[in-house]
Amino acid sequence: MSRDHVQSAERSAAAAGAPMSNAEAPFLELLARGASADAYEQPVLLARAEGRPAERIVALEQAKLLALRVRSELEGRRRREAELSALFETAHDLAGLRDLDAVLQAIVQRARSLLGTDVAYLSLNDPARGDTYMRVTEGSVAARFQQLRLGMGEGLGGLVAQTARPYVTDDYFKDDRFQHTLTIDAGVRDEGLVAILGVPLMLGHHVIGVLFAADRRARVFEREQIALLGSFAALAAAAIDTANLLTETRSALADLERANEIIRDRSGVIERASDVHDRLAELVLRGGGVHDVAAAVSEVLDGAVEFADATAAPARALEVSRAEGHAVRHDDDWIAAVAAGGELLGALVLRGHPGLDPVDQRTLERAAMVTSLLLLARRSAAEAEQRVRGELLDDLLDARDRDPRLLRERASRLDADLDATHVVLAARLDAAPADADQEADARRRLWSAASHLAATRHGLAAARDGGTVLLLPLEAGDTATALARRTARHLGTAVHEAVTVGASAPVEGLAAHPDAVAAAYDEGRRCLDALRLLGRAGDGAAAEDFGFLGLLLAGDRDIAGFVGRTIGQVVAYDERRGTDLLHTLDAYFACGMSPARTKDELHVHVNTVAQRLERVGRLLGEDWQSPARALEIQLALRLHRLSAPAQH
């Protein structure tokens, strides 16, 4: 922003008699014209260059921070409004369906916009020719690509159409899971596509087409994006289904003698469906929840509708509804599965209403679809908050030079108080995973459970070092040990596996002294490793629980120096020669310093034990078996074992 712009903004504010300080005027102009974040530095830099008073510069800095916060909030609201508007405008378009091509084009456009891809397109199956063809494209520039026809099983789209399952590829031409053909590859190459995601359009058990989102660069599509595209595919399939129903209705009207009566009836059905979906869309845009949707549908259907978890609904009826995409009758109730992208999220249950006409059945099904979109949106918001909490904790652990005021502000927005007394806890799963995928899934479940616990306890959580680190406030009268044990039980119950938790001593003043968080985390990890080495997996403890060892585990104790001075020569000898003197010492002390029992423990000859102990004596001195020296050596051996895992 130039000097003239700043001075012009100040003069305009003064002339208009606006109730604002001169410091705020240039930033209000930047907000008004939607300037980039970098532009907000210019008024401060200009004031410094002109040698303005320190009070003026401080005022500009404060006004800048406030303006940036306003700008960030405005951008976030615009983004959220755009996403909700796109989702529920599509549902509204479907309710008032007039032109199938227009609705499908809107679905493809909104899917491309929400997923942020270069191209989005939709193909429909041709039963007569046994293949699938392009119906709608958005962002495409290649004519050959827009005219592609894919045989069943050919290309990624043909594979989706054949298997009725979503497929995603990070790099199309390097992916050999599907059949490449010269025609399809040429079309994809003309379009320049690299990463492609395809989800099926389902009517009951039948695939009627495929909805795609694609980028002209390598990209990994997240699970939430796959589910979101699946929801759009469900809307597209519903639009096609509705259009087919309208076509059948028009054909029937031509053949029936009571044409006028049927027309009036069908018109009433459409208007009623449109009214229902308008009400649902309005409810969601006002910020309603799944139970609000259930209440609205209860009023429309004149019955009791409730949302139930997948585990609480009748399993057989729920699976049939999910597979067929329709509400199904169960005794005197109706069950409509709430699903998105192949994931079962729950069900809408209409109680005690066995007689349900097709219109009301379709209303219940549409309400289930809207409910799935609501749940996905809420899940995305929760995961975004988890990421923000993790980023703040990462900054506390890694970035020691952060501004304390900004750290407090960020924590305050997450309902956390960095000036309170906290405990840093290191948590890790103890079960050995069968493979890398299971290990990654277990870590995600642990992080999710820890994030939920941190959010409910006004703390922070982040994935770190193969486990999870939590920063939780310590209540008055509570102890670090009790908090560690409760956290171990809570996380273990949540993930259905043993979770070990090591805790630091209580720490204070985290915003002013962020390096204290990293030191406390190191202490918590040492306690975690000590628990596992001592056979206390699935438990929680703090340094205070280890007695004298706890004094050495906590703070800045020179453990490595003590170990080096006491048994360093033996450690170095083993490393140079590949011998096993340390293990022999462990066994010797464990067997009450009896060579005979030691040789049985090690499964070697007693002469071998004697030779090794003689070598230890030459390395440590003749008095190494005296009571005082023996105690130091045993302690050093234990600390060597405790500290070894923390070094990796």
Can you list the steps and then say if Glu73 with Arg69 is a side chain to side chain contact (heavy atoms under 4.5 Å, CB included)? CA-CA 6 Å; Glu73 181 67 21; Arg69 286 174 57 192; over 6 Å; no
Please walk me through it: do Arg48 and Ile57 pass side chain to side chain contact (heavy atoms under 4.5 Å, CB included)? CA-CA 7 Å; Arg48 287 175 177 162; Ile57 294 175; 3.5 Å; yes
Test side chain to side chain contact (heavy atoms under 4.5 Å, CB included) on Arg71 and Tyr40; report intermediate values, then the result. CA-CA 10 Å; Arg71 178 182 181 274; Tyr40 288 74; 3.6 Å; yes
Between Val495 and Leu429, is a side chain to side chain contact (heavy atoms under 4.5 Å, CB included) present by the stated rule, with each step listed? CA-CA 9 Å; Val495 302; Leu429 292 165; 3.9 Å; yes
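In this structure, CG on Leu425 lies 11.0 Å from NE2 on His422, to the nearest 0.5 angstrom. Atoms CG and OG1, on Leu602 and Thr598 in that order, are 6.5 Å from each other to the nearest 0.5 Å. Distance check, rounded to the nearest 0.5 Å: CD of Glu575 to CG of Leu582 gives 8.5 Å. Ile226 contributes atom CD1, which lies 8.5 Å from atom CZ of Phe221 (distance to the nearest 0.5 angstrom). Interatomic distance, CG of Asp118 versus CZ of Arg219, reported as 8.5 Å (0.5 Å rounding). Rounded to the nearest 0.5 Å, atoms OG1 (Thr117) and CG (Leu197) are 9.0 Å apart.
A salt bridge links Glu61 with Lys64: the closest approach of a Lys/Arg side-chain nitrogen to an acidic carboxylate oxygen falls below 4.0 angstrom. The pair Asp465-Arg428 does not count as a salt bridge, with every side-chain nitrogen at least 4.0 angstrom from each carboxylate oxygen. The pair Asp478-Arg486 meets the salt-bridge criterion, since a charged nitrogen lies less than 4.0 angstrom from a carboxylate oxygen.
For the pair Ala480 and Ala503, the tightest heavy-atom approach, listed with the atom from each and the gap, is O-CB, 3.9 Å. Nearest approach of Tyr172 to His180, heavy atoms of both residues: O-CE1, 3.2 Å. Pairing each heavy atom of Glu497 with each of Arg445, the nearest pair is OE2-NH2, 3.1 Å. Counting all heavy atoms, side chain and backbone alike, Cys527 lies closest to Gly502 at CB-CA, 4.0 Å. Summarising the geometry of Pro506 relative to Leu474, their closest heavy-atom pair is CG-CD2, 3.7 Å, with the distance given to 0.1 Å. Minimum heavy-atom separation, Val501 to Ala427: CG2-CB, 3.9 Å.
With hydrogens and angles disregarded, a donor-acceptor distance shorter than 3.5 Å links the side chain of Ser451 to the backbone of Trp447. In this structure, Thr468 contributes its side chain and Arg464 its backbone to no donor-acceptor pair below 3.5 Å. Proximity of a side-chain donor or acceptor of Ser504 to a complementary backbone N or O of Val424 within less than 3.5 Å is detected. Listed for the Glu523 side chain is a donor-acceptor partner under 3.5 Å among the backbone atoms of Ala505. Using modelled atom types, no side-chain atom of Ser72 and backbone atom of Leu68 make a donor-acceptor pair closer than 3.5 Å. At least one donor-acceptor pair under 3.5 Å links the side chain of Asp430 to the backbone N or O of Gly538. Looking only at distances, no side-chain donor or acceptor of Arg56 sits under 3.5 Å from a matching main-chain atom of Ala47.
Annotation: side chain of Leu156 is in contact with side chain of Phe212 (closest heavy-atom distance under 4.5 Å). Residues Thr500 and Asp539 have side chains not in contact (no heavy-atom distance under 4.5 Å, counting atoms from C-beta outward). In this structure, the side chains of Leu193 and Val188 come closer than 4.5 Å at one or more pairs of heavy atoms. Using a 4.5 Å heavy-atom threshold, the side chains of Gln42 and Leu45 count as touching. Using a 4.5 Å heavy-atom cutoff, the side chains of Ile567 and Trp624 are not in contact. You'll find the side chain of Leu229 stays beyond 4.5 Å of the side chain of Gln225, heavy atoms only. Side-chain contact between Leu446 and Val499: present, with at least one pair of heavy atoms (C-beta onward) separated by less than 4.5 Å. Looking at heavy atoms from C-beta onward, Val507 lies out of side-chain contact with Val423 at the 4.5 angstrom threshold.
With no hydrogens or angles considered, a side-chain donor-acceptor pair links Asp574 and Thr579 at under 3.5 Å. Using a 3.5 Å distance cut-off with no hydrogens or angles, the side chains of Tyr167 and Asp175 do not pair a donor with an acceptor. Side-chain contact check for Thr421 and Glu508: at least one donor-acceptor pair (N or O, by modelled atom type) lies under 3.5 Å.
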Donor-acceptor pairs under 3.5 Å, side chain of residues 606-623 to any protein atom, not counting sequence neighbours: which ones?
residue, atom, partner, partner atom, Å
Arg612, NH1, Thr584, OG1, 3.0
Glu614, OE2, Arg618, NH1, 3.2
Arg615, NE, Tyr573, OH, 3.4
Asp623, OD1, Arg629, NH1, 2.8

List, one per line, each side-chain donor-acceptor pair under 3.5 Å for residues 586-596, sequence neighbours excluded.
residue, atom, partner, partner atom, Å
Tyr588, OH, Met593, O, 3.4
Tyr588, OH, Gln625, OE1, 2.4
Ser594, OG, Arg597, N, 3.3

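In this structure Leu631 satisfies the side-chain contact (heavy atoms from CB on, under 4.5 Å) test with no other residue, sequence neighbours excluded.
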